[in-house]
Amino acid sequence: MSHRPNRLYLSSDALVANWRALARLSGAAACGAAVKADGYGLGAREVVPRLLDAGCRDLFVATWAEAAAIADLVVGRDATIAVLHGLREADLPLADLPGVRPVLSTAAQIARWRLVAPGQPCDVMVDTGMNRLGIGKAEVAGGLLDGLAIDTLLSHLACADEPGHALNETQRARFAALAGRTAATRMSLANSAGIALGAGYHFDLTRPGLALYGGVPVTGLAGAICPVATIAAEVLQCRTVRAGETVGYNATWRAERDVAVAVVNLGYADGYRRALSSRGCAFAGDTPLPVIGRVSMDLLALDASAAAVREGDWVRFDDDLVHVAAASGVSQYELLTGLADRFERMWS
Ligand SMILES: *Cc1c(COP(=O)(O)O)cnc(C)c1O
């Protein structure tokens, strides 16, 4: 029996269904997966084998440490892990990890790769308007990439979750203009939201992250994506709070009538955001149990008037990331990546 206080129920079926839906929406392009930040908080070592079994061959992490943590899982699977932060000086001891290659984004990184892995395949990031990582088109024209064995040329969209934003088409056109200008065998532009922008954004490979894990960055993906992760917590104490009394730190919530309250072992140290104070929601079966008062570090209180909840019962929390992001003002990305290590992660 686990001694972990609370649980994250994770659905293999939902994860795989989301990847398949995104692969279908990617049309002729292959569909990869961003598994950085420990698979957006769900656990990369659990996520990766499921995606590989589903047919995913292109994985993206942020750092070499993240690559090293999953590199054994791709051995013999004809899959690669691309490191989005490129190749820093400090990464050199890891640079020969089998199945792993950098996404180079500066002249210094490119020089480093030529030195330590001459002729070995790499990916390259070009900046088309986000002004985050990547080389510019002038550097491409100037020959910076000449002789490099580039598998995939990447760029990243700044505003894919705003389908009407003019920068989307600007970036798409700038990226498309690089076709045939490098030795790259593939081109890749779209993240989750970028997939929904349409076929012109798909190129040869898409790189969804958020939507794999149940996030819905644009309404265009709403019907295609289902929740993967559901928080569950245990009722530690039930009490009746009398009319006029308050609940929790700073007494921010006051009972208008006698209320049955359930206190559960979940708080902001678990990643259940304090911004959900008096705004979040749990469920006993289908019955909503609103969060009342401040979310504490390790505890929160629920209005359990509508359900017969008892000490030792488990309740599930709202797993619709669009709802929870709207209620908290915290992005779906932060909600997922903030899920703490404390949960027992239970895959079905
Ligand atoms: C994180 C990331 C992705 C995935 O983005 P989502 O919005 O989570 O789908 C794709 N490409 C790059 C370069 C990224 O940094």
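Counting convention: from 1, in listed order, for ligands and their atoms alike.
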Strictly by modelled atom types, are D298 and N265 linked by a side-chain donor-acceptor pair under 3.5 Å? no
Identify the closest protein heavy atom to atom 7 (O) of ligand 1: which residue and atom is it, and at what distance? Y333 OH, 2.5 Å
Within 6.0 angstrom of D78 CG, more than 12 heavy atoms from elsewhere: no
Pairs where residues 295-332 contributes a residue and the test ring pair (Phe, Tyr, Trp, His ring centres under 6.0 Å) is met, not counting sequence neighbours: Y272-F317
Could you tell me whether the side chains of R207 and S188 share a donor-acceptor contact shorter than 3.5 Å? yes
Can you see whether W347 has R50 sitting over its ring - NZ or CZ less than 6.0 Å from the centre and within 45° of the normal? yes
How does R207 reach ligand 1, by side chain, by backbone, by both or by neither, if only non-hydrogen atoms under 4.0 Å count? both
For ligand 1, which part of L154 has a heavy atom less than 4.0 Å away: the side chain, the backbone, both, or neither? neither
Please verify the inter-ring angle class for Y40 with Y333; under 30° counts as parallel, over 60° as perpendicular, anything in between as tilted. tilted
Return the residue, atom name and 0.1 Å-rounded distance of the protein heavy atom closest to atom 5 (O) of ligand 1. N191 CB, 3.3 Å
Report yes or no: does a heavy atom of R132 sit under 4.0 Å from some atom of ligand 1? yes
Atoms of ligand 1 less than 4.0 Å from A34 heavy atoms? 4 (C)
Ligand 1 and L210, any nitrogen or oxygen pair closer than 3.5 angstrom? yes
Do T246 and R254 meet the criterion of a side-chain donor-acceptor pair at a distance under 3.5 Å? no
Close approach of F60 to ligand 1, heavy atoms, under 4.0 angstrom: no
Starting from atom 8 (O) of ligand 1, find the nearest protein heavy-atom neighbour and note its residue, name and distance. Y40 OH, 2.5 Å
Near L84 (heavy-atom distance under 4.0 Å), the atoms of ligand 1 are 13 (C), 14 (C), 15 (O)
Write out the residue and atom name of the closest protein heavy atom to atom 9 (O) of ligand 1, then the distance separating them to 0.1 Å. S192 OG, 2.5 Å
Taking distance alone, with N or O pairs closer than 3.5 Å, would you say G209 contacts ligand 1? yes
Of all the heavy atoms in P208, does at least one lie under 4.0 Å from an atom in ligand 1? yes
Identify, for atom 2 (C) of ligand 1, the protein heavy atom at the shortest distance, and state residue, atom and that distance. K36 NZ, 2.5 Å
Will you find, in the side chains of T128 and R174, an N or O donor that is under 3.5 Å from an N or O acceptor? no
I'd like a table of donor-acceptor pairs (distance under 3.5 Å, sequence neighbours excluded) in which one partner is a side-chain atom from residues 305-313, with atom names and distances.
residue : atom : partner : partner atom : Å
S305    : OG   : D303    : OD1          : 2.4
D313    : OD2  : R310    : N            : 2.8

